Amino acid sequence: MLLEIDDITLHYGRIQALHGISLHVNEGEVVALIGANGAGKSTIMRAISGLRAVSSGAIRFQGEDISKVRADLRVARGICQAPEGRGVFPGMTVQENLEMGAYIRRDHAAIAQDMERVYGLFPRLLERRKQAGGTLSGGEQQMLAVGRALMARPKLLLLDEPSMGLAPMIIQQIFTIITEINQQGTTVLLVEQNAQQALSRAHRAYVLETGNIVKEGTGADLLHDPAVKAAYLGVA
Amino acid sequence: MTTETVKKQRWKLNLRDRFQDLPLPARITAMAVFVVLLYLLPTKAFYENLGFPIPMGSGYLPFYTTGSDMAGVLFQCGYYILLALGLNVVLGYAGLLDLGFFGFFAVGAYTVALLTSPESKLITEYNWFESPWPWLVTVPIAIALAMLSGVLLGWPTLRLRGDYLAIVTLGFAEIIRIVAKNQDWILNGDRGIPSVGHPPGTYSNGEAIFELDFAPYYWLVLTVIIVVIFLIRNLANSRVGRAWVAIREDEDAAELMGVPTFKFKLWAFAIGAAIGGLSGSLWAGQANFVNSATFSLENSILVLAAVLLGGAGSIGGAILGGFLVIYLPEWLRSVGDVFGWPTQVTVGGIHIDVSPTSLRFVIFGALLIVVMIYRPQGLWPNRRRAAELKDRQKEVAPVE
Ligand SMILES: Nc1ncnc2c1ncn2[C@@H]1O[C@H](COP(=O)(O)OP(=O)(O)OP(=O)(O)O)[C@@H](O)[C@H]1O
Ligand SMILES: [Mg+2]
C-alpha cells in the first residue's frame with residue numbers, strides 16, 4: 001500500500017470538514033474521488049499534501065505516518081499535488097514553472113529529460129515555453145499544473161479536478177495523459193467532478209458525501225451503481 | 001510604418017536588452033564610467049561642467065541643491081537607497097508587507113550609538129566596558145542585532161498569512177520609537193545619545209576624514225550600496241531567489257513544489273533587516289547624536305513609497321525610488337529658491353510651511369497615486385512583477 005489514510009478528521013476553525021475518512025491507494029493504481037461540491041474532496045487532498053493539518057487520525061505513506069510532516073518535506077518523500085484552480089506561478093514563464101516543479105531535485109540531467117517528457121506529453125506547452133504562466137489560457141494552465149507536478153517525479157500524484165473548465169476535447173486529452181502517466185509508473189489519486197471519465201479511467205474509486213466516504217469499489221462497479229448513476233452521472 | 005520608426009521603437013523598448021547585448025568589455029567600461037560619475041556627484045565642479053545654461057545671475061546650477069549641502073543630500077539619498085534595497089528584499093522579492101521597516105534602522109543606529117559614545121550609559125552607569133568602541137567594530141554588531149530582531153519578529157508572524165505581518169511590523173517600529181522616547185535607563189529618552197563615533201581614517205595631514213564634510217560619508221555609503229547590490233543580485237538569481245518568487249506569486253503552490261516557505265520568508269526578513277540595520281549604523285556614524293525623534297513612522301512610510309514608486313522587486317527601482325524620495329523635494333526647494341517660491345504662507349493668521357521638503361508627503365502622496373494609476377508596476381519595474389500585476393488585475397476586473 002502506497003498511501004493509507006486512517007480515520008482522519010479535519011476542521012476549518014469550528015467547521016468540521018472531514019468526519020473520519022479512511023481510504024487507501026495501492027502502488028500503480030489510479031484512484032478516483034468523486035462527490036458533490038463542498039463534499040470535502042479538496043480538503044482530503046490538502047490533508048495529504050500537508051497544506052492543512054488533520055485534527056486526528058493518521059496518514060501513512062509507504063508505511064510511515066506523515067500527518068505531522070511539513071508540506072515541503074512530503075514533496076521530498078514523493079507526494080506532489082497539482083492544486084485545484086491550477087495555481088501556476090503567473091509571473092514565471094512556462095519553462096520556469098516547470099523548473100519550479102523540480103525544485104527539490106538536483107539531478108540536472110534527469111530534470112532535463114523529464115522536461116522533454118512533459119513537453120512530449122503537452123506539445124502546447126513547448127510552443128509557449130517563454131510565455132508567462134498567468135497569460136496562458138485556462139486549459140493551458142491546467143496542462144502546466146499537471147506537467148509541473150510531474151517534474152517533481154512523484155511516487156504519488158494528486159490531481160484536484162484536472163478537467164475543470166476545459167472543453168470536452170481537451171478533457172479527453174487530459175485523461176488520456178493521466179492514463180499514460182500512470183502506465184509510466186506513477187500512482188495517481190484523482191479528484192473529479194467529471195465522474196463518467198474518472199470512473200472509467202480509475203482502477204478504484206471512493207464516493208464522498210459531506211465529509212464521509214459513503215461508497216467505494218472498482219471504477220466499473222461504481223459506474224453501474226444506480227445511486228451513483230443518479231447522483232453523479234446525471235442518469236435517472 | 002517605415003523601418004526607421006520600427007527600429008526606433010524597438011530601440012526604445014529594449015534598452016535593457018541592448019545593453020545586455022553589448023560585448024563584455026564595453027559593458028564593463030560603461031559601468032565603470034557610470035560609477036565614476038556617481039563618485040563625482042558631490043563635487044560642485046561636476047554641475048558646473050554639465051553644460052546646461054545657468055539662469056542669468058541666479059548662481060543656480062542645474063541639479064545642484066542650494067538649500068542643503070549637496071553631499072549631505074546625497075548621503076541621505078544613500079542611506080535611504082540602502083533602506084529601499086533592504087525593504088525590496090522583503091516586499092519586492094518575498095512579497096511580505098513590512099510597514100515598520102525603519103525599526104531595523106533604529107536598532108542599527110542605537111546599537112552603534114550605545115557602543116561608540118563615551119556618554120553611553122553602558123559605560124557611565126553600568127560599567128559594561130571602559131571606553132567606547134570604534135565605529136567599525138560596532139557595525140557588524142548592529143547588523144547582527146537588526147537581523148536578530150528581524151528573526152524574533154518574523155518567527156511568530158511569518159507562519160500566519162495575511163495582514164498580521166503588516167500590523168506587527170508597524171507596531172514594532174512604533175514600540176522602538178516610543179520606548180526610546182520615554183524610558184531613561186539606557187537610551188536616554190528625548191535627550192538621546194551624544195558624541196556617537198565616526199568611521200575611521202585620517203588624511204595625510206592628520207585630519208580625520210569623517211568629520212563635518214559630508215562627501216566622504218557619501219562615498220562610503222555609495223561603496224556599501226555597490227557591495228550590497230552585488231550580494232542581492234546573486235541572491236536573487238539563486239535557489240533562494242527562485243523560492244522567493246514562488247512564495248510571492250503563490251504561497252500554497254510554492255509549498256506544493258517543496259519550498260520550505262517559512263524558512264525562506266524568515267530569511268528574506270532577516271536579510272532585509274540586516275540591510276536596514278546597516279543603513280542605520282551608517283547614518284549614526286555621521287549623525288553625532290541619536291535620539292528617538294529620528295525614527296518616526298513617516299520614515300517607514302517614505303521607504304515604502306520609495307520601493308513602490310521605483311518598482312517592487314527591482315534593484316534599479318529601489319535605487320531610483322530611494323533617490324527620488326529624498327532628492328526630489330530638496331531639488332524642488334532649490335528651484336523654488338531661484339524662482340522665489342515662498343517657504344511660508346500666511347492664510348488668515350495661520351502660518352503654513354510650504355517648502356517642498358515640508359510638503360514631501362503631499363508631493364509623494366500625489367506622485368504615488370499618479371504612478372499607481374498609470375504605471376502600477378513602478379517607474380523601473382521588474383518584468384516578472386509586471387506580469388504578476390497584470391494577472392492580478394485580470395482577476396479583479398475581468399475587462400475586455
Ligand atoms: N479555508 C476554509 N475555511 C472554511 N471552510 C472551508 C475552507 N475550505 C473549505 N471549507 C469548507 O469545507 C468543505 C469542503 O470543502 P472542499 O473544498 O474540500 O470541497 P470540494 O469537495 O473540493 O468541493 P468542490 O467540488 O466544489 O471543489 C466545504 O463546506 C467548504 O465550505
Ligand atoms: Mg475542490
Side-chain angles (χ1 to χ4, degrees), chain A residues 42 45-46 48-53 69-106 130-138 141 144-145 148-154 157-160, chain B residues 14 17 92-95 158-162 236-267 311-314 376-378 381-400:
Chain A
S42 298
M45 295 303 229
R46 283 181 209 125
I48 301 171
S49 62
L51 283 185
R52 278 277 170 176
V69 173
R70 266 186 3 228
D72 58 284
L73 298 177
R74 295 190 200 186
V75 181
R77 285 179 186 233
I79 301 178
C80 195
Q81 182 186 349
E84 186 180 22
R86 304 177 186 121
V88 304
F89 299 111
M92 294 190 198
T93 62
V94 167
Q95 175 93 13
E96 288 169 329
N97 263 282
L98 292 178
E99 282 165 6
M100 210 51 224
Y103 188 78
I104 52 160
R105 298 170 53 187
R106 288 166 192 274
K130 296 236 167 97
Q131 194 174 326
T135 60
L136 294 177
S137 81
Q141 288 192 21
L144 182 55
R148 191 183 57 180
L150 284 177
M151 289 301 295
R153 257 204 200 175
L157 177 64
L158 306 175
L159 296 174
D160 195 345
Chain B
N14 291 334
D17 293 339
Y93 290 165
L158 289 176
R159 288 178 200 280
L160 306 169
R161 301 276 174 92
N237 293 329
S238 69
R239 268 174 79 79
V240 182
R242 284 204 295 147
W244 284 338
V245 175
I247 290 170
R248 127 189 134 214
E249 292 196 356
D250 191 329
E251 197 167 340
D252 276 343
E255 209 153 314
L256 292 177
M257 299 300 110
V259 176
T261 53
F262 174 68
K263 182 175 120 189
F264 281 131
K265 285 197 288 182
L266 200 59
W267 265 116
S314 129
Q377 68 275 34
N382 167 300
R383 275 183 198 175
R384 207 195 299 282
R385 291 235 21 162
E388 287 163 31
L389 214 70
K390 263 197 204 117
D391 188 64
R392 224 157 282 163
Q393 279 172 338
K394 202 168 57 186
E395 273 168 33
V396 177
V399 280
E400 288 158 303

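Please read these numbers as outputs of a predicted model, since none were measured by experiment.
When the side-chain contact (heavy atoms from CB on, under 4.5 Å) test is applied to D160(A), the partners found at least two apart in sequence or on another chain are S42(A), M45(A), Q81(A), E84(A), V191(A). The side-chain hydrogen bond (donor to acceptor under 3.5 Å, both in side chains) check on R74(A) picks up nothing, with sequence neighbours excluded. Partners of E249(B) under the salt bridge (charged side-chain N to carboxylate O under 4.0 Å, His left out) rule, at least two apart in sequence or in another chain, do not exist in this structure.
Taking the ring centre of Y103(A) as origin, the terminal cationic atom of R239(B) falls inside the region bounded by 6.0 Å and 45° from the ring axis.
Between P83(A) and L256(B), some side-chain heavy-atom pair lies under the 4.5 Å cut-off. Within the 4.5 Å cutoff, the side chain of L136(A) has no heavy atoms near those of the V88(A) side chain.
Heavy-atom distances place the side chain of E96(A), and not its backbone, under 4.5 Å from chain B. Only the side chain of R106(A) comes within contact range of chain B, judged by heavy atoms closer than 4.5 Å.
Considering every non-hydrogen atom in both A145(A) and A82(A), the closest pair reads O-CB, 3.7 Å. Minimum heavy-atom separation, A94(B) to I247(B): O-CG2, 4.1 Å.
By number of non-hydrogen pairs under 4.5 angstrom with chain B, the leading residue of E99(A), R70(A), M92(A) is M92(A). For the options D250(B), V245(B), N382(B), heavy-atom pairs under 4.5 Å to chain A are most numerous at D250(B).
Proximity to chain A at a heavy-atom threshold of 4.5 Å picks out V259(B), P260(B), F264(B) from residues 259-266 of chain B, in numerical order.
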